[in-house]
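When a ligand or atom number is given, it counts from 1 through the structure's own listing order.
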Amino acid sequence: MNISKKARTHIDACRFCWMCRHICPIGNATGQERNTARARALGLSLVVRDAEKTEEIIDNIYECSLCGACVKECVTGWDPVMFIQEAKTDAVLAGVIPAYIEKMLEAKEKTGNVYGAVLSKGFPEREIGAEVLLYLGQDARYKSPASCKNAAAVLDKAGIRYNCLKEEPESGYAMWFLTGNTAETQSAAKECAAQLNRYKNVIVYDPADLSFIKRQYKEWGIAVTAEMVGFSNYLLELIGEKKLEVCRSKRAYTVQDSFHSARELENAESMRKLVAQCGENRDMLCCGKDTFLAGNLIMNEYMPAAMREVSRRRLENAKNIGAETVVTESPAEYEQLLALGDKAVRVLSAEEMVLENVK
Ligand code: SF4
Ligand code: SF4
């Protein structure tokens, strides 16, 4: 297996303290020991020592959501996300990725998105030569028409002049998720950066894209000259500038923290500040950096039952503290929580929360 020395060190670094064992959202959903972070590393250590073949453990590699809960918890400071991604790249180059991943890569090749989907009717396309771009990202564009519609509606309400592209480049996040650090991923990222840099300001709707652009592009030396702002932060700015006037209601909102915002970008505050403008904040016990995943649309393509269970368990966390409304800025978590069809608690996107309290 062709992986870095650093990744090998991390694979072997475990002290078997098992502090991370209870926190893997996938392991908790499937009840399978193999889905825990440590078991993944053990599998990889066997491959590194030529005691097993990559083909034997590759499914388990793709069963990691890269949520980083284990990274946060580990006493030895090891990083499963790093070596999981290196293992994927090695599998791609060796031609041993699973058929269901191959299928998504083929869809990307043919249609430009890993879902092989087309834009929904009513997609808020506009190219009006604005200096501001609303960058929706693949999950919202192809899997969450409501997110696209409502994101546009709230910007329209604030009187913002912005472009929203019919042909939007992929940030590279989906390619990175499926193949790790390959030449194709970096090329997608470069292409995207070139398009984003045509704008003065880019409002990035999906925290997965924002985190990827801010962290991974930097690591690869891909320059982003446009000013990037996350959607929840932008909504806060609009409220601060009185372009949006909201009335604080008596409703209680429970934030489902996106791990991209809370852990990777260390920003759990914007969503809470937004909630404070709209009503009462009612947090779950495991919130902020301790958040648990509530959905992943890429993984939902190849392990829907497990992903549904991941979402169900997270909604139960919310119901256990008496949540009335769960609010999320992630289109993947929004769609997957909504798909549960649970009538006991409402699920809203950040902009839906703002829109229901706007004057
Ligand atoms: S990154 Fe998340 S899904 Fe992957 S092993 Fe760690 S806790 Fe589990
Ligand atoms: S927390 Fe770190 S050291 Fe402890 S079992 Fe998990 S991976 Fe190993």
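One finds no salt bridge joining Asp342 and Arg312 here, because no Lys/Arg side-chain nitrogen approaches an Asp/Glu carboxylate oxygen to under 4.0 Å. Salt-bridge check for Glu301 with Lys103: failed, with every basic side-chain N at 4.0 Å or more from each acidic carboxylate O.
Of all protein heavy atoms, the one closest to atom 6 (Fe) of ligand 1 is Cys70 SG, 2.2 Å. Residue, atom and distance of the protein heavy atom nearest to atom 5 (S) of ligand 1 are Arg40 NH1, 3.1 Å. Considering only non-hydrogen protein atoms, atom 2 (Fe) of ligand 1 sits nearest to Cys67 SG, 2.4 Å.
In this structure, Phe231 has its ring center under 6.0 Å from that of Tyr205.
Within the protein, the number of N/O/S atoms found under 2.8 Å from atom 4 (Fe) of ligand 2 is 1.
Between atom 8 (Fe) of ligand 1 and Cys24 there is an N/O/S contact shorter than 2.8 Å.
Using modelled atom types, no side-chain atom of Glu356 and backbone atom of Met353 make a donor-acceptor pair closer than 3.5 Å.
Side chains of Ser261 and Glu329: a donor-acceptor N/O pair is present below 3.5 angstrom, by distance only. Judged by distance alone, the side chains of Asn181 and Gln186 do bring a donor and an acceptor atom under 3.5 Å apart.
Remark: distances from the non-hydrogen atoms of Gly68 to ligand 1 include one below 4.0 Å.
By heavy-atom distance, the residue among Ala41, Ser65, Pro25, Cys64 lying nearest atom 4 (Fe) of ligand 1 is Cys64.
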